[in-house]
Amino acid sequence: MKEDKLPTIKEIARQLNVSVSTVSRALHDHPGIGLRTRMRVQQLARELAYEPNQTAIFFKQRKTFTIGVVLPNLKEEFFSEAINGIEEIASQNKYSVLISQSKDDVGRERQIVTTMKNNRVDGIIVSLSKNTESYEHFTALKKYNIPVVFFDRVPTLPDFNKVYSNMNGGTREAIEFLIDKGHRRIGVLNGPEKMRSSKERTETYKQVLIKKRLKIDLGLVTSTDLTPEGTYQAMKHLLSQRPRPTAILAINDYIALDAMLYARQQKLKINKDICFVSYANLPITSYLETPPMASVEQYPFQQGVRAAEVLIQLLSRAEGPGTPDEPEIFQNVVINGQLVIHSKR
């Protein structure tokens, strides 16, 4: 049995005895085509269940109306909220979103970027893996006219489009909050040392202690590889310090939860024997009996929205006339964080 073929513009033209160009323009409501002809063409198209050949349209317009998004891990609520922001702006601008996870693996990140390039995405939004130090797989996209916007975890170099939270302001607020609560031995549970945010957090920590005339003990600053096991080892180090810290600033809410679990296993009472402040302020903290005393709100939804807006602007600019020698201007969007005090403590 012969399979039914999908209807084409040529089939509509043949049945109506008109040209292919007439059918094409009628389907697009071109004013040069008479109302009667337009109605006949569109009626037959509905009867035949005609659908435009997207591949041909993409080829003609040199666009797929698809945005690629590369994230470290979708199980983190932070990135789920960011995706909501990205998709809202993409949908408003008639773009689809292709999402992939690097799982914090640089090799996987490179492979995803190559796959997205080969599938002709128009642009890419990225939150870097925790181990990314080289950016060649992103800069190589320039020759294919695929713009890239980084958010949250962004490169330290200036020549990139970036959207991120102001780590310095939020960190300063968090440490000053703990000092005002009477803490003098404050530990810092950082992410991997290669991450830009880890370096900024450590520098701000030192600046605040100097300002408050408190002793800086870098034995109280340690790193986790973002796994529960890595966090347990980091906590073991912090609690071995003498005197041990009475408060800990953790890189995010999930790391804080792992750290708090370890502290409980050591028979410490949370926010009594040892207090916690974290980043992200995810909704999950409102369900905890003993959440961190405070969290630095980093506005993931807004970061996603702004990253998508910047990318849409870049794509729109690429469609305009422009001049070949016009210098590229990179956008650096900083969203100020805010310390949120939790009522349960």
Side-chain angles (χ1 to χ4, degrees), residues 76 78 104 130-131 153 167-168 170-282 284-285 288-296 298 337 339-342 344-345:
E76 289 192 25
F78 178 95
D104 273 325
K130 65 184 180 184
N131 296 316
R153 299 187 191 176
M167 191 64 64
N168 296 333
T171 300
R172 184 173 290 106
E173 278 191 78
I175 297 171
E176 289 180 347
F177 167 78
L178 289 171
I179 292 173
D180 290 344
K181 292 291 182 181
H183 298 282
R184 296 297 179 266
R185 295 282 289 174
I186 301 171
V188 177
L189 185 49
N190 259 331
E193 294 178 2
K194 299 172 184 176
M195 290 175 62
R196 172 180 175 272
S197 60
S198 296
K199 297 174 184 176
E200 289 187 355
R201 190 176 293 105
T202 300
E203 284 307 308
T204 303
Y205 171 76
K206 292 192 289 186
Q207 290 170 13
V208 174
L209 293 188
I210 290 171
K211 178 184 174 183
K212 296 292 185 178
R213 297 184 179 180
L214 296 176
K215 180 183 177 182
I216 296 175
D217 181 357
L218 291 182
L220 294 176
V221 179
T222 189
S223 296
T224 170
D225 62 3
L226 308 183
T227 65
E229 296 76 20
T231 300
Y232 297 159
Q233 288 301 314
M235 280 295 295
K236 183 177 181 180
H237 166 80
L238 288 174
L239 296 183
S240 71
Q241 302 301 300
R242 292 293 178 266
R244 67 168 175 77
T246 59
I248 291 176
L249 177 63
I251 184 175
N252 64 41
D253 290 330
Y254 287 106
I255 296 301
L257 292 179
D258 287 334
M260 290 160 69
L261 177 59
Y262 181 86
R264 286 192 188 93
Q265 291 172 353
Q266 307 308 307
K267 310 301 181 185
L268 297 175
K269 292 182 179 179
I270 305 303
N271 295 336
K272 290 184 179 178
D273 297 328
I274 189 164
C275 298
F276 287 86
V277 171
S278 59
Y279 294 78
N281 190 39
L282 298 177
I284 189 175
T285 58
L288 300 177
E289 185 63 30
T290 52
M293 294 180 69
S295 292
V296 178
Q298 294 178 290
L339 188 70
V340 177
I341 313 300
H342 297 305
K344 295 178 183 178
R345 58 182 186 271

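Under the side chain to side chain contact (heavy atoms under 4.5 Å, CB included) criterion, Val296 pairs with Ala174, Tyr279, Leu339, sequence neighbours left out. Qualifying side chain to side chain contact (heavy atoms under 4.5 Å, CB included) partners for Lys269, counting only residues two or more places apart in sequence or in other chains: Lys272, Asp273. Residues that satisfy the side chain to side chain donor-acceptor pair (under 3.5 Å) test with Glu203, not counting sequence neighbours, are Lys206. Residues passing the side chain to side chain contact (heavy atoms under 4.5 Å, CB included) test with Glu229 are Thr227, sequence neighbours excluded. By the salt bridge (charged side-chain N to carboxylate O under 4.0 Å, His left out) test, Lys194 is found to be paired with Glu133, residues two or more places apart in sequence or in another chain being considered. Here Glu193 pairs with nothing under the salt bridge (charged side-chain N to carboxylate O under 4.0 Å, His left out) rule; sequence neighbours left out. Looking at residues two or more places apart in sequence or on another chain, you find a salt bridge (charged side-chain N to carboxylate O under 4.0 Å, His left out) between Arg196 and Glu200. Checked against salt bridge (charged side-chain N to carboxylate O under 4.0 Å, His left out), Lys211 has the following partners two or more places apart in sequence or in another chain: Glu176. Evaluation of the side chain to side chain contact (heavy atoms under 4.5 Å, CB included) rule for Thr204 yields Asn168, Thr171, Arg172, Val208 as partners, not counting sequence neighbours. Applying the side chain to side chain donor-acceptor pair (under 3.5 Å) test to Ser278 and every residue at least two apart in sequence or in another chain returns Asp253, Ser295.
Counting all heavy atoms, side chain and backbone alike, His342 lies closest to Pro291 at CB-CG, 4.2 Å. Shortest non-hydrogen contact noted between Gly337 and Glu173 is O-OE2, 4.0 Å. What you find for Asn271 and Pro292 is that their closest heavy atoms are ND2-C, 4.2 Å.
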key: Stepwise side chain to side chain contact (heavy atoms under 4.5 Å, CB included) test for Tyr205 and Leu249   = CA-CA 10 Å; Tyr205 171 76; Leu249 177 63; 5.8 Å; no
query = What do the steps show when you test Thr222 against Leu189 for side chain to side chain contact (heavy atoms under 4.5 Å, CB included), and what is the final call?
reply = CA-CA 5 Å; Thr222 189; Leu189 185 49; 4.0 Å; yes
key: side chain to side chain contact (heavy atoms under 4.5 Å, CB included) between Arg153 and Asp104, worked out   = CA-CA 11 Å; Arg153 299 187 191 176; Asp104 273 325; 2.7 Å; yes
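A donor-acceptor pair is defined here as one N or O able to donate and one able to accept, closer than 3.5 Å; no such pair exists between the side chain of Asn252 and the backbone of Ala280. Under the 3.5 Å distance criterion, the side-chain polar atoms of Asn190 are left unmatched by any main-chain donor or acceptor of Ile251. Panel note: side chain His237, backbone Gly219; a donor-acceptor pair is recorded below 3.5 Å. At least one donor-acceptor pair under 3.5 Å links the side chain of Arg185 to the backbone N or O of Pro243.
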Using distance only, find each side-chain donor-acceptor pair of residues 254-261 under 3.5 Å and give its atom names and separation, not counting sequence neighbours.
{"residue": "Tyr254", "atom": "OH", "partner": "Glu77", "partner atom": "N", "Å": "3.4"}

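The line from CG of Asp217 to CG of Leu209 is 10.0 Å long, rounded to the nearest 0.5 Å. Taking CZ of Arg184 as the reference point, atom NZ of Lys212 lies at 8.5 Å (rounded to 0.5 Å). Rounded to the nearest 0.5 angstrom, Cys275 SG and His183 NE2 are separated by 3.5 Å. To the nearest 0.5 Å, atom CG of residue Leu238 and atom OG1 of residue Thr231 are 10.5 Å apart. Atoms CE and CD1, on Met235 and Ile274 in that order, are 4.5 Å from each other to the nearest 0.5 Å. To the nearest 0.5 Å, atom CD1 of residue Ile186 and atom CD1 of residue Ile216 are 12.0 Å apart.
Note on residues 232-245: no pairs pass salt bridge (charged side-chain N to carboxylate O under 4.0 Å, His left out), not counting sequence neighbours.
Residues Glu76 and Leu226 form no side-chain contact, since every pair of their non-hydrogen atoms from C-beta on lies 4.5 Å or further apart.
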